[in-house]
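See structure below.
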Amino acid sequence: MRKKLSITMFVALALLSAFGMAGCTDGGEKNYRAIPYYDSCDYLDGSDLAHYNNNLFRRNDNSGIGADPAVIRVTDPESPDYGDFFMYKTSMGFVCYQSEDLVTWTARGTVLSDAAAATGCFYGDNWAPEVVYDEEDGLYYMFCSATPQNGNGTNGLLYCLSSENPYGPFDLVDLSGQNRADSYVRANGTTVEYNDYWADLVLFDPAKYAARVEDFLIEYTKNNALYDNYTFNDYFSNIDPYPFVDDDGTRYLYFVFRNYGTRYIGGVECGDSWTDIRYETLTLLTMAGYMDVQGTTPCEYANNVLIDEGPVMIKHNGIYYLTYSFGAADGDYRVAQAVSDSPLGVFRKLDESENAIFLSNDSGGFDISGPGGHSFVEADGELYIVYHRHMSSSAPDINSRTLAVDKVKWVTIENIEGEKMDVLYANGPTVNLQPKFEFASEYKNIAGEAQVSAENMQEGSSAAALTDDLLSMYQYESPTFNETYIHETYFGDTATITLSFQDYRTVRAVMVYNSKSLTTAFLQIKRIEFDCIDAEGNEVTNYIANLQFDWRENRHSLNPDFGLKNASAAIAEFDEIRCRQIRITVEIPESGWLIGEDGSISYAEEDYMMFEHEGRVGISEIVVLGK
């Protein structure tokens, strides 16, 4: 009894309510009633994407917001914006957006003050801003890079600005009391002059920075010539600054050493303020293309692209996780992780068996291009990754990138040294319907609170994997990790999955996630039954028969004959019901099925198949939205 909608999804709830609980009765011992529902498969007004209820679900659509998103949440309870999120992106003047739910964003305009803009320091290349709230002085600090006007080739200079508000305006922090030197004598005896107008405005003291960097470039690379490779008009080029405050209150700043062909990540401790740079601590943290900072072990998954950039630091269980984007800014741009016991290293890039790359396009397997340039934000105990991707996966364009947000989980593994440790795992990247983030929703996923059992599971499968909150995503990236720790539950015959709650729970929607592989995908969900109690206190079994999977939206647009978009689910939403048990029945597809361009299913002879179904079905996850 699927309710066909003829108007927008924003009134879907009212239509479902009007349908009420009246339904069909199958007879027998139980009182069966078919309930009205919506499967998020309607394409209204000629839309290319199905309409959905944004009170329950979200989708990473092409907002066009842009590149290098950095997000903070206002934690000052005295602020009128307390609890809201602010996002900053690569853009002239650094455009800021505000959101209550990480989905809908309102532009607040540029945050750079008129006085800062008037200096000429931000003439071009306003890249990758990051903002941090300092609890000691109650100010917001923005770190960014830019190219000065009349710079004669100078570019990629770092700046520190501050504001009383997260939306600005941000003014340059006064550095006049630092008594900076106006020259530096290089190791080869050459004197470098620093008398340009920006020399007293940039975050790093040019002379002190050059002295320290020249020392460790020689130390790490045994090659003094690299000084010339990493300087532009005798200024070192740096991008992608990231501020981090440790548990003990110590401030650190991470950044990228940049030339046009190679980028490494560095870090430094800050003292009593963000501009009190402790140059003696400044050090190299990653060597692009290598697993170790000494450059002794090549990184096999780097594909000979010598770019490590966009550093983000996160601390978990006493371990420091340096996450970073690597590769060229094309479709294969990815996010990886390295670990250390200290905020300034030594860092070890993780092995593929440890989920080294935790956000990618799965070597082209996803209908997504270039996910990277990320930040993290926490809300109500959940961790989220905010990142950009190309708006088009078929024609990636560095000037056409959009915002996306997905959930991140910690997965406990055995590392290459045989010890237990947690690593980051992203339930993304996604471009299809996902549950609305719980901190901003009336409902949450309660499937993990149920006792789960299933019949006809294949050997090695576990019912527990159906509600572990880990979406089976990757077929090619980090294969050893994904085969070991991220599981689908496989069924070799028609099977029923049972979720039993200790008491009656309010349920509003169910999502059944399909396999990551087309060869083990289900066509539809045969039946869902809910053992309920109605408004009069009567026990009733509500049911949905033949729940459709949206093959039109969830086919891989670049390779529809072979591909299935990652994290795709069959979805049923309905009026609230009070239920104690849910039973989901899935069956093995008949051989010879084909998917039409409109998502329709037809059957053909085996000889015409573009792929061979394995005769088993994999389910990645079950989500029950309720309370």
Side-chain angles (χ1 to χ4, degrees), residues 54-91 93-112 128-135 138-144 161-170 241-245 310 312-314 323 335 359 371-389 401-409 424 426-430 434-444:
N54 58 15
N55 291 312
L56 296 174
F57 307 107
R58 64 174 184 89
R59 184 169 56 205
N60 284 323
D61 290 332
N62 281 342
S63 65
I65 284 180
D68 306 317
V71 175
I72 64 168
R73 192 177 197 188
V74 176
T75 57
D76 178 9
E78 302 299 321
S79 170
D81 301 301
Y82 178 65
D84 282 4
F85 301 90
F86 284 82
M87 190 270 290
Y88 313 83
K89 69 171 186 175
T90 288
S91 53
F94 305 111
V95 178
C96 169
Y97 296 80
Q98 186 172 357
S99 175
E100 295 179 350
D101 60 4
L102 291 176
V103 176
T104 302
W105 296 89
T106 301
R108 294 297 305 264
T110 58
V111 300
L112 192 66
E130 289 282 350
V131 174
V132 62
Y133 176 69
D134 194 299
E135 294 182 354
L139 295 177
Y140 293 87
Y141 287 86
M142 183 173 76
F143 299 84
C144 57
L161 305 95
S162 66
S163 174
E164 294 180 352
N165 300 298
Y167 47 82
F170 282 85
Y242 183 82
F244 169 74
V245 181
V312 176
M313 180 61 68
I314 187 169
T323 63
V335 182
L359 188 77
H374 69 296
S375 64
F376 295 111
V377 66
E378 189 172 313
D380 293 0
E382 291 282 1
L383 186 64
Y384 301 94
I385 185 169
V386 185
Y387 59 97
H388 68 232
R389 59 173 175 81
R401 290 180 283 186
T402 190
L403 175 73
V405 186
D406 284 303
K407 186 187 292 187
V408 175
K409 306 297 293 185
L424 290 157
N427 280 341
T430 67
Q434 303 299 324
K436 189 174 181 179
F437 297 129
E438 290 184 2
F439 69 86
S441 176
E442 181 182 357
Y443 304 94
K444 67 175 184 176

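Residue Gln434 holds its CD atom at 5.5 Å from CZ of Arg58, rounded to the nearest 0.5 Å. To the nearest 0.5 angstrom, Ile314 atom CD1 is 7.5 Å from Thr323 atom OG1. In this structure, CG in Asp134 is found 10.0 Å from OG in Ser162, a value given to the nearest 0.5 Å. Annotation: the span from Glu130 atom CD to Met142 atom CE amounts to 11.0 Å, rounded to 0.5 Å. With rounding to the nearest 0.5 angstrom, the CZ atom of Phe437 is 8.5 Å from the NZ atom of Lys407. Distance CG/Asp406 to CG/Asn427: 7.5 Å, rounded to 0.5 Å.
For Asp68, the side chain to side chain donor-acceptor pair (under 3.5 Å) partners two or more places apart in sequence, or in a different chain, are Thr90.
Side-chain atoms of Asp76 come within 3.5 Å of backbone atoms of Glu78 as a donor-acceptor pair (strictly under, hydrogens ignored). A donor-acceptor contact shorter than 3.5 Å links the side chain of Arg73 to the backbone of Gly83.
A heavy-atom distance below 4.5 Å is found between the side chains of Tyr387 and Pro429. Considering only heavy atoms from C-beta on, Met313 comes within 4.5 Å of Tyr242 through its side chain.
Within 6.0 Å of NZ in Lys444 there are 12 or fewer heavy atoms belonging to other residues, nucleotides or ligands. Remark: Glu135 CD is loosely packed, at most 12 non-hydrogen atoms of other residues, nucleotides or ligands lying under 6.0 Å away.
If you check the side chains of Thr402 and Asn62, you find no donor sitting under 3.5 Å from an acceptor.
Just one of Val377, Ile385, Leu403 meets the side-chain contact (heavy atoms from CB on, under 4.5 Å) condition when paired with Val71; it is Val377.
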Show me the side-chain donor-acceptor pairs of residues 93-100 shorter than 3.5 Å, one per line, residues at least two apart or across chains.
residue, atom, partner, partner atom, Å
Tyr97, OH, Lys89, NZ, 3.4
Gln98, OE1, Arg108, NH1, 2.5
Gln98, NE2, Asp81, OD1, 3.1
Gln98, NE2, Asp84, OD2, 2.8
Ser99, OG, Asp101, N, 3.1
Ser99, OG, Asp101, OD1, 3.1
Ser99, OG, Leu102, N, 2.9
Ser99, OG, Thr104, O, 2.8

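For Tyr140 and Tyr88, the distance between ring centers is not under 6.0 angstrom. Ring-centre distance between Phe86 and Tyr133: not below the 6.0 Å cut-off.
Considering all non-hydrogen atoms of both residues, Ile72 and Pro166 come closest at CD1-CB, 4.5 Å.
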Could you go step by step and tell me if Glu442 and Asn55 meet the side chain to side chain contact (heavy atoms under 4.5 Å, CB included) rule?
CA-CA 8 Å; Glu442 181 182 357; Asn55 291 312; over 6 Å; no
